[in-house]
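Working notes, structure below.
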Amino acid sequence: MGIRFVLLVNKQGQTRLAQYYEHLSLDQRRALEGEIVRKCLARTDHHCSFVEHRNYKVVYRRYASLFFLVGVDNDENELAILEFIHLLVETMDRHFGNVCELDIMFHLEKVHFMLEEMVMNGCIVETSKQNILAPIHLMDKSS
Amino acid sequence: MALSGMRGLSVFISDIRNCHNKEQERLRVDKELGNIRTRFKNEKGLSPYEKKKYVWKMLYIYMLGYDVDFGHMETVSLISAPKYPEKQVGYIVTSCLLNENNDFLRMVINTVRNDIIGRNETYQCLALTMVGNIGGKEFSESLAPDVQKLLISSSCRPVVRKKAALCLLRLYRKNPDVVNIDGWADRMAQLLDERDLGVLTSVMSLFVSLVSNNAEVYWNCLPKCVRILERMARNQDIPQEYTYYGIPSPWLQVKTMRALQYFPTIEDPGARRALFEVLQRILMGTDVVKNVNKNNASHAVLFEALALVMHLDAEKEMMSQCVALLGKFIAVREPNIRYLGLENMSRMLLVTDVQDIIKRHQAQIITSLKDPDISIRRRALDLLYGMCDVTNAKEIVEELLQYLNTAEFAMREELSLKAAILAEKFAPDLSWYVDVILQLIDKAGDFVSDDIWYRVVQFVTNNEDLQPYAAAKAREYLDKPALHETMVKVSAYLLGEYGHLLARRPGCSPKELFAIINDKLPTVSTSTVAILLSTYAKILMHTQPPDVALQQQILTIFKKYESYIDVEIQQRAVEYFELSRKGAALADVLAEMPKFPERESALLKKAEDAEVDTAEQSAIKLRSQQQTSSAIVVSDQPPVNGSVPASNHLTLVKMPSQNITEESNVAYEEPPVEIPKENGAPAEVESKVENIPETNIESKVEPPTSRPVSQADLLADLLGPLAIEGPPAAVEQNPVQGSEANQSPVGDLALATLEDQSNSVQPIVNVEEKFHILCSKDSGVLYEDPHIQIGLKAEWRAHHGRLVLFLGNKNTAPLASVQALILPPSHFKMELSSVPDTIPPRAQVQIPLEVVNLRASRDVAVLDFSYTFGTALVNVKLRLPIVLNKFLQPITLTPEEFFPQWKALNVQSLKVQEVVKGVKPLPLPEVANLFMSLHLAVAPGLDNNPNNLVACTTFFSETTRAMLCLVRVETDPQDRTQLRLTVASGDQYLTFELKEFIKEHIIDIPRVQAASPPIPVQPQLSPAVPTAATYNDPGAMLAGLL
């Protein structure tokens, strides 16, 4: 399946975006988010960007106060996912201009739209920022 | 339409953001949910804009972790909205909130299909995406042809086709039949000619999935993949938008190389040459650059190329080039690269024969075992495990043992399991193997699973040369002051079997052996006591000529345990006592253990079971399965130890198959806490009994239950059968029903449910839940069915309790033949006032119940309650919530008071410590709350470590009077599922009981949601209770059953 979930969590452990590509119950989600956020928060820059958790891996990257966590299967190419996170951030940056946590909070729907253009069914659909943002631009123009 | 356009939503998000704590947030969320709920109720008044706004709020709330159990219909219905903004929200939020089994989805199948086949491109995209994310089987059946059509249509724009590709992938996974393999190979080949890289990226994912299931069919696609790689390697025709830091879409490159790993080989020489050219270029041309992103992206491609080269079994030269690269990587500073270097080396071991080259890096890998990053340490451990063979086993295992001293809890279990397996697989000689395992148990007893010590016992049993050595080693360990309980078990077992072989050595006379083992008896848990009793019996048998004083001592112990609370021990004690007076027969019955039949190591099995599942079977795993021979290093080696028979010196001696009863679990403790695979009892007696049918214990044996052990059986059979006979535990736990009862979905703590077809009266409350509530509260409902409600109120003073049972008749007819009987466990004195025979209509009867607590115990009293209503006889057995914490009174101690007490209790049996695993992962404050509810006063500040917690309480019973109990919990912030628990009090039984009691409350017991609530019981218990004669305490007996 590849990507199992994409999570954006801030340093206080508050979830800012959660998109799962496999069905988990709410309890499972809460437990999972709690556990992996705790694991990732405890790590420093000298640690690698991969955390093994249960039977999958979390590839994570920190931007200021925000953690981007992507859960993947064990045999997924970790560096490719790490850069995919950066691609997501660059895409948000291109749209919002200097994206920050507040942009994501208050434009949750746009972040969802972007992610939906980038990942589907746990697989990468699109990596061109221009193509990812095209539907959003269209929408902005029409309203 | 942006969110910012929805003012109400922005305000809500701001409000949430301004909440200072979780409680405020919850209040705000509840308010909002209430608001949305009311608004949805009068749906007619809602404008599309408002609906959309509320649906986003719901998604936001759901994301925060709150249950949103309404409004799904409204969300789904937005999908059918005529306008794009609503439709879009409907599709996106539906795929976030619902799962594929939701019934509402079925309602919109037609709308979705219309959107997919309609002409509106944006609608098509929305629908395809939702189906791709959450489409189930039904979608698969009704939509697959349409989706396929879109994917291959030439008139469709890329934006639709890329989504169609991944949507088809989902439908294919739900139902592989939707893709007709014959036709698809050619279509796939066409699709791989696609110029648009977005479509190609999606198509490649679909292709990987297809090819992982059936590579042969897609041979014609192979050259196409190579073409794609060439195109990207040469940077031909790659639009700027698909170049990432100068690298043509690294994601597509990675995916394409992944697809190629599913083809067993590449035979077409042209394609092979072209591919190797590309790979060579990647291997040689990837430099370390300053820009992190560029560096990562190029290395992502490089690592995938490495994997592909390994897979293709390239020439030796290229392989060594790969190993050299990896060797470089594992020594670099960049942690990501180090991690991946180690990981890929492990993978390389699985698929190719590069062991010798990798061994050159052994020192560096061992260094990584000390890396500050646990992710890297894990990889290093994995790699060391994979690269170990007879030549380096000693060195590696010793490193692992050393690392065990400092490894964190989270890794110790895996570490000890791996060390044990390596020691077994590659031991240069058997005595080294025994040494390693004993060291393992000594250093990390808590993390050594029972399988590990069962295995060592198996080897020793099957290898006579090893027996004196193992016994001597066991004897040495017993001299150590603080011994892990598992070590006590192994040592006692080995000395029982083989102690007599040491008889002439100093300190090893039967008397001395007994004395040193018996020293441990007061401190060990029930399962170990059982082993010790068997050991004593064996020592007794081996003492020739008989030593009267020793015999007397041992018999006294047997006598003492004849009335022990645990049935298994009781039974052993009784039987050994009787046997030991039989003289010669004893020697027959307790003769040495027969050899075990040879079988696969349960440890290896366990390690394999830990493997993971992924949707697509990983290419590497597939590959390694194809060439199993190189995956597991066979240990066929000329023996170093001359006395051991040649060839596979660690495999067990083959024996004719034996009848040994299958494992029988004994319920020492609450079953879920410690699944008693282990059983602690030497198996010898039973098998012996079969050989000597004339001994008079034969009548007690259950002959028909014996059956041959299958090779696959775990080691359980080693200690599986009980000492003398021991009915299977299933019977002990649930004597009446046997297998039927075992299948009933009632939780472990639930009421005994004995089926009774004629009785249709069912409780209308969850009895188990009510019991648990009342354990921490003093009044409430205990039981309720359509006719009666039983309430309870309690008052506690020191070790006295006064309860009142309220029996309320809910009917307009009287309840007759009312009977209430208390079955008290041995540690309570209980007096129930008389119960009237009938309860008049709509009346409530109060029945006082007096309790005196004699000593600490976790057994509970049972109320056996029955009545008739009309013709129906209803009988229920209810556990009464008179639990340990009712006799606890929290007390606050100052440091000046606490520490002297804590130190004074530094006596082995008075203060016990245990590492508890499988704990509910609670934050520390919640553990503190839990403790408060158990009447344990948490004393902040007594322990300087913020991850620890200290609590004090006073326990009241008639024997102990008021007794101070001290508790300390040490948690590991890295892993909340385990903690170390220390309990101290002036009474060893109290300490033990309190420890177990706390454990019961902190351990995460997956509670089976009782689908059918406990069913009332017919009073027919007695006939089926096994060995009924050994029970003299009906309450304890019943409580044990429940």
With rounding to the nearest 0.5 Å, note down the distance linking CD1 in A/Ile124 to CE in B/Met204. 13.0 Å
Do the side-chain N and O atoms of B/Tyr339 and A/Glu52 include a donor-acceptor pair separated by under 3.5 angstrom? yes
What is the distance from atom CG of A/Leu82 to atom NE2 of B/His299, rounded to the nearest 0.5 Å? 13.0 Å
Between A/Thr44, A/Asn77, A/Asp45, who has the most heavy-atom pairs with chain B when the cutoff is under 4.5 Å? A/Asn77
Ring geometry between B/Tyr244 and A/His86 (parallel below 30°, tilted from 30 to 60°, perpendicular above 60°): perpendicular
Whatever's closer than 4.5 Å to a heavy atom in chain A on B/Leu64 counts as side chain
Between A/Glu83 and B/Lys294, is the closest basic N to carboxylate O distance under 4.0 Å? no
Locate the shortest heavy-atom distance separating A/Thr127 from B/Ser249; write the atom from each residue and the value. OG1-OG, 4.0 Å
Looking only at non-hydrogen atoms, find the nearest pair between B/Ala300 and A/Ala80 and report the distance. CB-N, 3.5 Å
State, without any angle test, whether B/Asp373 and A/His47 hold a side-chain donor-acceptor pair at a distance under 3.5 Å. no
When the 4.5 angstrom heavy-atom criterion is applied to B/Ile134 and chain A, the contacting part is neither
Does atom CG (B/Asn21) have a neighbourhood of more than 12 heavy atoms from anything else shown, all under 6.0 Å? yes
Ignoring hydrogens and angles, tell me if any N or O in the side chain of B/Glu241 forms a donor-acceptor pair with the backbone of A/Lys129 under 3.5 Å. yes
Taking atom types as modelled and ignoring hydrogens, do the side chains of B/Tyr242 and A/Gln130 form a donor-acceptor contact shorter than 3.5 angstrom? no
Quick check for you: among B/Tyr66, B/Tyr84, B/Tyr62, B/Phe303, which has the greatest number of heavy-atom pairs under 4.5 Å with chain A? B/Tyr62
Identify whether the distance between the nearest side-chain nitrogen and carboxylate oxygen of B/Lys162 and A/Glu126 falls below 4.0 Å. yes
A/Arg38, A/Glu78, A/Gln19: which one forms the most heavy-atom pairs within less than 4.5 Å of chain B? A/Glu78
Under a 3.5 Å threshold, yes or no: a donor from one side chain and an acceptor from the other, between B/Asn133 and A/Tyr20? no
Distance (rounded to the nearest 0.5 Å) between A/His46 NE2 and B/Ile376 CD1: 12.0 Å
Need one label for B/Glu343: side chain, backbone, both or neither, based on atoms under 4.5 Å from any heavy atom in chain A. side chain
Would you name the heavy atoms of A/His112 and B/Ile92 that are closest together and state the gap between them? CB-CG2, 4.3 Å
B/Gln88 portion near chain A, given a 4.5 angstrom heavy-atom threshold: side chain
What residue in B/Asp67, B/Thr201, B/Leu166 has the most heavy-atom pairs under 4.5 Å with chain A? B/Leu166
Does any heavy atom of chain A fall under 4.5 Å from the side chain of B/Cys167, the backbone, both, or neither of them? both
So that I can tick it off, tell me whether A/Glu35 and B/Arg976 are bridged by a salt bridge, with the cut-off set at under 4.0 angstrom between side-chain N and carboxylate O. no
Can you tell me how the ring of A/Phe113 sits relative to the ring of B/Trp56, calling it parallel under 30°, perpendicular over 60° and tilted otherwise? perpendicular
Is there a donor-acceptor pair under 3.5 Å between the side chain of B/Asn296 and the backbone N or O of A/Leu79? no
Between B/Asn293, B/Val203, B/Asn99, who has the most heavy-atom pairs with chain A when the cutoff is under 4.5 Å? B/Asn293
